[in-house]
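Remarks on the structure that follows.
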Amino acid sequence: MKANQKSLSVHGIGISNGKAAGTLKFFRRKGTDQSRIKTSMQTNDPAREHTRLEEAIKQAEVQIRTLYRRALETVGEEEAQIFEIHGMLLHDDDLLDAVKEELKGGKCAEEALDAGAQQVCAMLGALDDPYLSARAADIKDVVRQVSRCLSGETDDGMEREREPFILVADDLSPSETVMLEKSLILGFVTFRGTPNSHTAILARAMGIPDLVDTGEIDASCDGCYALLDAADSTLTVCPDSDQIAVFSEKQRKEDRIAREHDRYLRSLMNKPAVTRSGHRMLIYANIGDGSEVAGALSNGADGIGLLRSEFLYLECNDYPTEEHLFSAYRDIAERMQGKRTVIRTLDIGADKKITYFGLPEEENPALGFRAIRICLAREELFKTQLRAILRASAFGRLSLMLPMIVSVDEVRQSKRLLSESMDELRRENKAFDAEIELGIMVETPAAAIMCEELADEVDFFSVGTNDLTQYTLAADRQNPALCRLCDENQEPILRLIEHASEAIHRTGGWIGICGELAADLHLTQRFADMRIDELSVSVPYLLGVRGKVTECV
Ligand code: PEP
Ligand code: MG
């Protein structure tokens with residue numbers, strides 16, 4: 001605890017129940033230090049700025065070489081190549097010429113770098129070539145690295161940490177969250193954010209206590225000891241000894257109750273989840289990547305109901321190759337030991353942004369160019385993923401699921417690309433499961449209303465209640481001010497699911513739910529009444545949902 005710091009209580013919305021005690025560490029986003037720019041601009045000495053720039057480029061070169069070596073050791077040569085490209089871009093003539101011109105014009109090194117990079121990226125962007133727009137994203141990455149060297153910043157302040165800490169940020173994007181070293185994170189606190197944001201979903205999946213929408217916390221709290229109680233929706237910064245004693249006592253009690261409850265739930269683990277009136281529900285897991293498979297199996301998952309395949313793309317610096325995707329999917333398929341794994345095809349866009357996709361800025365990204373819309377517009381990108389899934393289907397029980405569907409036509413176009421991918425693989429003598437099941441997500445009111453027609457085209461459905469809620473209630477899932485509106489208006493969503501379930505069952509298909517509402521134990525009975533066939537939830541919720549189904553009538 002910092003000397004003389006007074007105890008402070010901060011409130012927000014608690015996401016995953018749980019408690020954490022530890023040091024607060026404020027997340028610093030990598031970027032140009034504006035105060036440094038101002039100081040430098042005042043010197044107005046082009047020769048000095050030129051030398052600073054040259055030194056920063058040399059430093060960045062050493063850092064990039066280190067990243068290359070680390071990538072080579074951990075992910076292999078193909079993935080490491082991106083850092084080789086970054087190393088070359090540091091000496092790109094177009095970029096350096098543009099920056100030098102700006103320096104001659106009297107700009108400081110940071111500004112010249114920024115302006116030069118913008119010119120080159122604009123030039124590449126205007127060529128309307130996906131390969132070159134990816135290079136523009138690389139140039140931005142490299143320039144960010146040089147900027148950090150100019151400002152004397154070596155990293156985001158997280159890499160030096162060796163002791164676990166509670167991470168505090170204004171907000172975290174999904175790509176920032178997946179890149180964090182999870183073993184060091186005791187809890188998340190974000191000034192903004194909502195329970196349905198992807199960062200909250202990730203925190204839930206990791207079983208890490210999370211407090212969102214706290215409003216800004218003063219930076220002087222960085223490094224302070226704090227108590228995070230997600231169940232009470234409170235963060236206590238610099239607690240006094242009485243507060244610490246109360247917290248530990250509560251923690252001890254909760255741990256004891258949780259242990260007993262866990263023992264009871266584990267006794268049900270390998271039994272089918274059947275209601276007292278005999279309706280069986282499959283309990284599946286939602287995962288982001290292969291690292292969660294072991295947890296899903298050890299918590300009794302009957303299968304994987306949602307693999308958010310875009311997370312693998314978020315972790316890469318460039319488009320993953322078919323081989324890279326195939327090996328990740330094959331690994332999951334094999335480890336699931338014959339249990340079904342539903343791979344949801346790429347759902348990029350809205351809050352899940354990837355720089356190398358070079359997607360346009362949009363006024364309303366959640367209502368814009370995302371998910372299946374991108375895949376159908378960029379057939380090669382989609383087919384790379386479809387081929388990888390098909391090839392992996394020879395090694396386990398895989399199913400394919402399409403996100404954000406609004407029409408039968410989108411499903412038919414996807415099926416055409418799937419069938420083309422199958423034909424290609426046949427010609428190449430590559431094995432795959434020709435009977436692979438195809439499903440769609442019900443995330444839009446359009447899909448829910450059109451289930452009967454859609455059922456003629458696909459084998460199964462899974463309701464994405466996170467997006468279905470935002471599109472039905474016209475309430476942005478990223479906006480904390482609308483959380484209450486969403487909580488108080490579940491009925492329209494439930495009626496849409498009911499309608500979908502009736503239509504799908506009339507045609508002999510099956511329906512699951514994989515949005516966050518699937519884990520809401522207040523709704524399990526209602527879902528059982530609707531004859532929902534499967535509930536897919538984050539790993540920490542698997543046992544609780546299985547237990548609840550057995551208590552339903
Ligand atoms: C959903 O929308 O409910 C869903 C499961 O997909 P995601 O949360 O990844 O958008
Ligand atoms: Mg969704």
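This structure is a prediction, so every number in the text was calculated from the model and none was measured. Both counts, for ligands and for their atoms, begin at 1 and track the order of listing.
Sorted by chain then number, the residues whose non-hydrogen atoms approach ligand 1 to under 4.0 Å are His198, Ile201, Leu306, Arg308, Arg344, Asp347, Lys352, Met441, Glu443, Gly464, Thr465, Asn466, Asp467, Arg477, Cys514, Gly515.
Using a 4.5 Å heavy-atom threshold, the side chains of Gln490 and Leu517 count as touching. Between Ile440 and Val411, some side-chain heavy-atom pair lies under the 4.5 Å cut-off. Ser501 places none of its side-chain heavy atoms less than 4.5 Å from the side chain of Phe527.
Counting heavy-atom neighbours within 6.0 Å of Arg416 CZ, excluding the residue itself, gives a total above 12. Atom CZ of Arg280 has more than 12 neighbouring heavy atoms from other residues, nucleotides or ligands inside a 6.0 Å radius.
A cation-pi arrangement, defined by a distance under 6.0 Å to the six-membered ring centre and an angle within 45 degrees of its axis, is absent between Arg391 and Phe432.
Among Leu535, Leu543, Thr524, the single residue meeting the side-chain contact (heavy atoms from CB on, under 4.5 Å) criterion with Lys548 is Thr524.
Around the Mg ion (ligand 2), the protein atoms of type N, O or S found under 2.8 Å away are Glu443 OE2, Asp467 OD2, listed by chain and number.
With sequence neighbours excluded, the residues satisfying ring-ring contact (aromatic ring centres under 6.0 Å, His included) with Phe460 are Trp510. Every residue two or more places apart in sequence or in another chain was checked for a salt bridge (charged side-chain N to carboxylate O under 4.0 Å, His left out) with Arg397, and none qualifies.
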